[in-house]
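Since the structure comes first, as structure tokens, the remarks are kept for the end.
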Amino acid sequence: MITTRFAPSPTGYLHIGGLRTALFSWLWARKNGGTFLLRIEDTDLSRNSKEAMEAIIKAFGWVGMEYDGEVVYQSKRFDLYQKYIDALLESGKAYRCYMSKEELDSLREAQMALKERPRYDGRYRDFSGAPPEGVAPVIRIKAPLEGEISFVDGVKGEISIAASEVDDFVIARSDGTPTYNFVVAIDDALMGITDVIRGDDHLYNTPKQIVVYKALGFVLPRFFHVAMINNEDGKKLSKRDGATDVMEYRNMGILPEALLNFLVRLGWSHGDQEIFSIDEMIELFDPQTINKSASCYNSDKLLWLNAHYIKQMPNINLAKLLEDYGVRIEGHDKLEMILDATKERGKTLVQIARQIEIILAPALNFDEKAVGKVFKSDTVEILEGFIKMLQGWDRELHLPSDYHAVLEYFVSTKSIGFGKIGQPLRLSLLGELSGAGLDEIMAIIGVDETVLRINRAIDFINNAK
RNA sequence: GGCCCCAUCGUCUAGCGGUUAGGAUCCCAGGUUUUCAUCCUGGUUACCGGAGUUCGAGUCUCCGUGGGGUCACCA
């Protein structure tokens with residue numbers, strides 16, 4: 001039985017690094033028919049943000065990663081932690097330290113001046129005298145004095161850190177609230193977490209947590225420390241890289257399946273496979289095969305994946321999603337035609353939405369550069385001729401192929417090249433020179449609208465003279 | 001600075017002692033397309049450096065270099 005968890009602190013929005021470790025944890029649990037839990041690490045009451053917490057849960061909802069059971073809030077479990085603190089105090093595995101903040105600071109400064117590693121010197125470890133007046137003590141846990149703390153990391157291999165590197169760290173602040181490394185170990189143990197998958201910025205916390213596990217007699221979980229995701233320049237991700245908030249990807253018109261596919265391939269692979277459905281990820285993912293080294297965020301690849309998922313998405317689903325981007329075509333009788341004509345022409349939903357907009361609503365003006373290039377002296381005559389042919393057409397005009405026949409017949413009877421009519425017609429219909437195929441556009445908007453738009457262009461040309 | 005981790009095309013990666021070092025993305029060229037895009041074909045680009053082990057090293061060992069993480073009464 002596998003139980004994993006994602007344990008963010010509610011100090012900011014969910015970013016892609018967090019989403020990836022969450023994804024890895026979620027996949028591993030799902031693959032094994034196990035459990036995936038969500039825990040909010042909010043022991044530092046002064047740094048919590050309710051908005052950030054809700055944003056995290058919202059982001060989970062958007063990408064479709066459902067967690068099991070109720071969200072665990074550490075801030076609601078202080079009584080529980082207190083019991084363990086008391087027990088540790090009782091058994092002598094933890095002790096009260098009466099050193100003031102000022103004393104600690106000066107100790108640190110002195111150590112830094114000697115180029116030593118700043119660390120607590122253990123002065124109250126075996127203290128039995130009368131405690132100094134007026135100092136609210138912190139509780140420290142007894143870490144081993146010698147030897148090594150080692151563990152096998154599923155990603156990095158065997159990790160070994162000298163005990164001298166781990167000091168007697170604080171497990172409860174002077175106000176009584178417990179600290180991170182203490183509660184993480186307790187909660188992971190109590191929640192039955194078997195596999196801890198997290199960022200490798202936590203690698204150094206692991207020995208501390210192991211001290212807690214050992215003191216409390218808990219069984220160690222398996223640890224997997226995943227290397228960081230850097231920005232496109234290979235530097236640490238920061239707010240300035242934009243789009244660090246997962247929900248920002250939705251605003252950009254990124255599909256959750258594309259984002260997840262992108263993230264799963266950052267640090268993990270399965271041979272040469274690039275495209276993974278959620279089911280395939282679940283089937284194939286294994287944290288043992290996660291890469292050791294850090295990777296860089298690459299927007300080209302994300303966009304390529306996004307284009308792929310847009311292209312292969314059923315039109316009905318696509319239409320529904322497009323609503324969030326200002327396009328309402330659900331129930332439109334030409335829905336299939338509209339999407340077939342546009343879904344391959346954009347890398348994001350925002351771009352697809354724009355493609356559709358310029359077809360459905362006539363452009364307000366004509367692209368200036370295009371006008372100079374395409375609207376020539378004989379254009380009006382040609383466009384008028386085309387209107388005539390369109391209106392005099394005696395067969396059905398529904399499908400793109402119907403319009404294609406008109407266009408073909410037109411150029412052959414007028415003995416002109418497609419170029420003579422193609423570009424001017426496109427500019428007349430869309431106001432610009434790129435976009436969906438002419439046949440499709442006309443089939444979507446119909447004869448009347450087509451004629452209307454061409455006439456508008458003719459007026460424009462005449463007025464410009 | 002101490003400790004720990006990492007190192008294959010620009011980027012994501014395959015490789016698990018013997019390969020013309022593979023795929024994807026990006027970029028370039030050609031084809032398809034009345035435009036743009038899609039799609040198809042082809043191409044450029046990589047084992048950080050130095051020792052060692054070995055018949056043979058991208059793969060194993062050591063050193064160096066570079067990058068990252070961490071050293072709180074934050075998480």
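Chain letters run A, B, ... following the sequence lines, proteins first, then strands; residues in each count from 1. Because the structure is a prediction, the values reported are computed rather than measured.
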Inset, instruction - Mind listing the residues from residues 154-161 of chain A sitting with a heavy atom below 4.0 Å of RNA chain B? Number order is fine. - result: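 Of all residues in residues 154-161 of chain A, the ones placing a heavy atom under 4.0 Å from RNA chain B are A/K156, A/I159, A/S160.
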Inset, instruction - Mind listing the residues from residues 425-438 of chain A sitting with a heavy atom below 4.0 Å of RNA chain B? Number order is fine. - result: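 Per residue number, the list reads A/R426, A/L433, A/S434, A/G435, A/A436, A/G437, A/L438.
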Checking [X] now: which residues fulfil ring pair (Phe, Tyr, Trp, His ring centres under 6.0 Å) with it, not counting sequence neighbours?
X	value
A/Y98	A/Y124
A/Y67	none
A/F460	A/F366

Give every donor-acceptor pair under 3.5 Å between a side-chain atom in residues 144-151 of chain A and any protein atom, sequence neighbours left out.
{"residue": "A/E148", "atom": "OE1", "partner": "A/S160", "partner atom": "OG", "Å": "2.6"}

Legend entry - Phosphate-side-chain proximity, A/N291 and B/A14, N/O vs OP1/OP2 below 4.0 Å: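 Checking A/N291 against B/A14: at least one side-chain N or O falls below 4.0 Å of OP1 or OP2.
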Would you be so kind as to tabulate the donor-acceptor pairs closer than 3.5 Å made by side chains of residues 285-292 of chain A, with sequence neighbours excluded?
{"residue": "A/D286", "atom": "OD1", "partner": "A/Q288", "partner atom": "N", "Å": "2.9"}
{"residue": "A/T289", "atom": "OG1", "partner": "A/W268", "partner atom": "NE1", "Å": "2.9"}
{"residue": "A/T289", "atom": "OG1", "partner": "A/D286", "partner atom": "O", "Å": "2.8"}

Legend entry - Residues in side chain to side chain contact (heavy atoms under 4.5 Å, CB included) contact with A/K373, at least two apart in sequence or another chain: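 Expected list: A/L433.
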Each nucleotide N or O in nucleotides 42-44 of chain B that has a protein N or O under 3.5 Å away: list the pair and distance.
none

Inset, instruction - Sugar-phosphate means primed atoms, P, OP1 and OP2; the rest is base. With that split, encode nucleotides 67-75 of chain B 5' to 3' as B, S or - using protein heavy atoms under 4.0 Å. - result: --BSSSBBB
Any N/O pairs under 3.5 Å between the protein and nucleotides 24-29 of chain B? List them or say none.
{"residue": "B/A24", "atom": "O4'", "partner": "A/E274", "partner atom": "OE2", "Å": "3.3"}
{"residue": "B/A24", "atom": "N3", "partner": "A/K301", "partner atom": "NZ", "Å": "3.3"}
{"residue": "B/U25", "atom": "OP1", "partner": "A/W304", "partner atom": "NE1", "Å": "3.2"}

Legend entry - salt bridge (charged side-chain N to carboxylate O under 4.0 Å, His left out) contacts touching residues 419-437 of chain A (sequence neighbours left out):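 Applying salt bridge (charged side-chain N to carboxylate O under 4.0 Å, His left out) to every pair that reaches into residues 419-437 of chain A, excluding sequence neighbours, yields A/R354-A/E432, A/D378-A/K420.
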